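Heads up, the thing below is written out as C-alpha cells.
Since the model is a prediction, treat every value here as computed from it, not as a measurement. All values below come from the heavy atoms of this structure, side chains included, with hydrogens, waters and symmetry mates left out.
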Amino acid sequence: MKKGLLVTAALALTLVLAACGKSQTSDSKQVKIGILQLVDQSALNASRKGFEEGLKEAGYSGKKVKIDYVNAQGDQANLKTMSERLANDHNTLNLAIATPAAQALQKADSKTPMLFTAITDAKSAGLVTDLKKPDANATGVTDKVDVLGQIKFLHKLFPKAKTVGVLYNAAEQNSVFQVKEAKKAITSLGLKMVANTAATTNDVEQATMALTKKADVLYIPNDNVAAAAMPTIGKVSEKTKTPVINADATMVKFAGVATRGISYEELGKQTAKMAVKLIKGDKVSDLPVENPEKTELVTDKSRMKLFGITEDMVKGA
C-alpha cells in the first residue's frame, strides 16, 4: 500500500515539474523579429521607433526580444540580399517598412508571418488580395490618409490658389496611388493639378523648382524620395514663396505650412499591437489590414507667418 502511494506521489511530482519546466520554457522563449527598412528617412525611422516602443510597452524588451534591424538605403540589390538573410533567420515574425521592402521580403519568404507599415495600398502592391482576411503571410497597418480632406484643407488655407503642384516618385506604387487620389480631389474642387516626378533625391530640387513656376501651392504625398529630400523642398518653398501642404505630418517641420495627417510613430505603435497578437498565437489571416487609428493637426509657425496663415485659419480649415 505504502509502495503504491509512493509511486503515485512520485508520478504526480514528475508531472508537476514537467509542467513547470514547460511553463518556464514558454515564458522565457525569446521572440526574434527581423526589420527591413527601405531607406533612412524621418517618417520611416519614426515608424520603426514607434514599433519598438510599442513592443516595449507590451513587455517585449531586453532578453525577451531580439530585433535584427537592416536598412537597404534605397538600394534594390540590398533589399534582395537583406530579405534573403531575414528569410534564413527563422524569425518569429518580420516587419517591412515601406512598400518595396515588403515586396522584396515577401518574395524571399512566403512563410514567416510578415507585418508591414508605412504602405498606402497593400492590395495594389500585391501583398494581399483580401484586406479583411489576408490570404498570404502578410498583414499590417497602412499610412493611407484622407487625400480629399487634405486637399480641402489646402484649398481653405489658400483659396486664391488655382493650380496645385504635386511632386512624387513614379516608381513608387504608393505615390502613384496617392497622386491619382489627389487628382480626383483637386479637379472636384475646380482646381488644376500639375505634377512632376523625382526618381532620386538628387532630382528633387530641380523638379520642385520647375513645379513652383507652374503652381500656386504644392501638395507632397507620402513619398519616400520626397520625404528624404524634404529639407530641400522646404528651401525651394521659402525661396520661391510657394507654400507646401504635406500628406505626412512628420514632414511639416522640414517644408510644410500645416497639415491634418498621421503620426508615423503612432503608426509603428499600432503595428506593434498586431505583432503582439501574432506572437501570442494569432494567425495572419485573423488580422485584417488596418488603417491609421489617429490623425493630428501639425503646423509650422514660421511658415505660417511667411505665408500669412493664422491659427484661426488653420483651426477653421
Taking atom NZ of K111 and atom NE2 of H90, what is their separation to the nearest 0.5 Å?
10.0 Å
Kindly write out the residues that satisfy side-chain contact (heavy atoms from CB on, under 4.5 Å) with T163, not counting sequence neighbours, or none if the list is empty.
K192, V194, A215, D216
Would you check if the side chain of Q178 reaches a backbone N or O of N222 as a donor-acceptor pair within less than 3.5 Å?
yes
Looking at N78 and A72, would you say the former's side chain and the latter's main chain have a donor-acceptor pair under 3.5 Å?
yes
Under the side chain to side chain donor-acceptor pair (under 3.5 Å) rule, what pairs show up with a residue in residues 229-239, not counting sequence neighbours?
E238-R303
Which atoms form the tightest heavy-atom contact between A249 and G261, and what is the distance?
CB-C, 4.0 Å
Does the side chain of F116 come within less than 4.5 Å of L127's, by heavy atoms?
yes
Taking every non-hydrogen atom, the tightest pair across V217 and P243
CG2-O, 3.4 Å
Got a sec, which hydrophobics cluster with F177, joining ILVMFWY side chains under 4.5 Å apart, including via others?
none
Roughly how far, to the nearest 0.5 Å, is the CD atom of E265 from the CD atom of Q270?
13.5 Å
Side-chain (D223) to main-chain (Y168) donor-acceptor, under 3.5 angstrom:
no
When you compare the side chain of I97 with that of F51, does any pair of heavy atoms fall below 4.5 Å?
no
Reference residue T99; test side chain to side chain contact (heavy atoms under 4.5 Å, CB included); the match among N224, N174, L38
N174
L36 and N94, any side-chain heavy atoms less than 4.5 Å apart
no
Answer yes when K80 and E84 have at least one side-chain N-carboxylate O distance shorter than 4.0 Å, and no when they do not.
yes
Do you reckon F153 sits in the same ILVMFWY cluster as L167, going by side-chain contacts under 4.5 Å, direct or chained?
no
Polar contact flag, side-chain donor to acceptor under 3.5 angstrom, N45-Q37:
yes
Any donor-acceptor N/O pair, N246 side chain to D248 backbone, under 3.5 Å:
no
Suppose clustering is done on Ile, Leu, Val, Met, Phe, Trp and Tyr with side-chain heavy atoms closer than 4.5 Å. Which residues sit in the same group as V298?
V252
Any side-chain heavy-atom pair of I233 and M251 under 4.5 Å
no
Identify all side-chain donor-acceptor contacts of residues 131-150 below 3.5 Å with residues at least two apart in sequence or on another chain.
from: D135; atom 1: OD1; to: T129; atom 2: N; distance (Å): 3.4
from: D135; atom 1: OD1; to: T129; atom 2: OG1; distance (Å): 3.1
from: D135; atom 1: OD2; to: T129; atom 2: OG1; distance (Å): 2.1
from: N137; atom 1: OD1; to: Q106; atom 2: NE2; distance (Å): 3.1
from: N137; atom 1: ND2; to: D109; atom 2: O; distance (Å): 3.1
from: N137; atom 1: ND2; to: T112; atom 2: O; distance (Å): 2.8
from: T139; atom 1: OG1; to: L287; atom 2: O; distance (Å): 2.7
from: T142; atom 1: OG1; to: K144; atom 2: N; distance (Å): 3.3
from: T142; atom 1: OG1; to: N291; atom 2: OD1; distance (Å): 2.8
from: D143; atom 1: OD1; to: T120; atom 2: N; distance (Å): 3.1
from: D143; atom 1: OD1; to: T120; atom 2: OG1; distance (Å): 2.8
from: D143; atom 1: OD2; to: Y264; atom 2: OH; distance (Å): 2.7
from: D146; atom 1: OD1; to: G149; atom 2: N; distance (Å): 3.0
from: Q150; atom 1: OE1; to: Y219; atom 2: OH; distance (Å): 2.6
from: Q150; atom 1: NE2; to: A247; atom 2: O; distance (Å): 3.1
from: Q150; atom 1: NE2; to: R260; atom 2: O; distance (Å): 3.0

Whether N169 side chain and A171 backbone form a donor-acceptor pair below 3.5 Å:
yes
Closest approach of A96 to L105 (non-hydrogen atoms, all atoms of both residues):
CB-CD2, 4.2 Å
Between T212 and T242, does any side-chain donor sit less than 3.5 Å from a side-chain acceptor?
no
Can you give the donor-acceptor pairs under 3.5 Å from side chains of residues 309-317 to other protein atoms, not counting sequence neighbours?
from: T310; atom 1: OG1; to: M313; atom 2: N; distance (Å): 3.2
from: E311; atom 1: OE2; to: K301; atom 2: NZ; distance (Å): 2.9

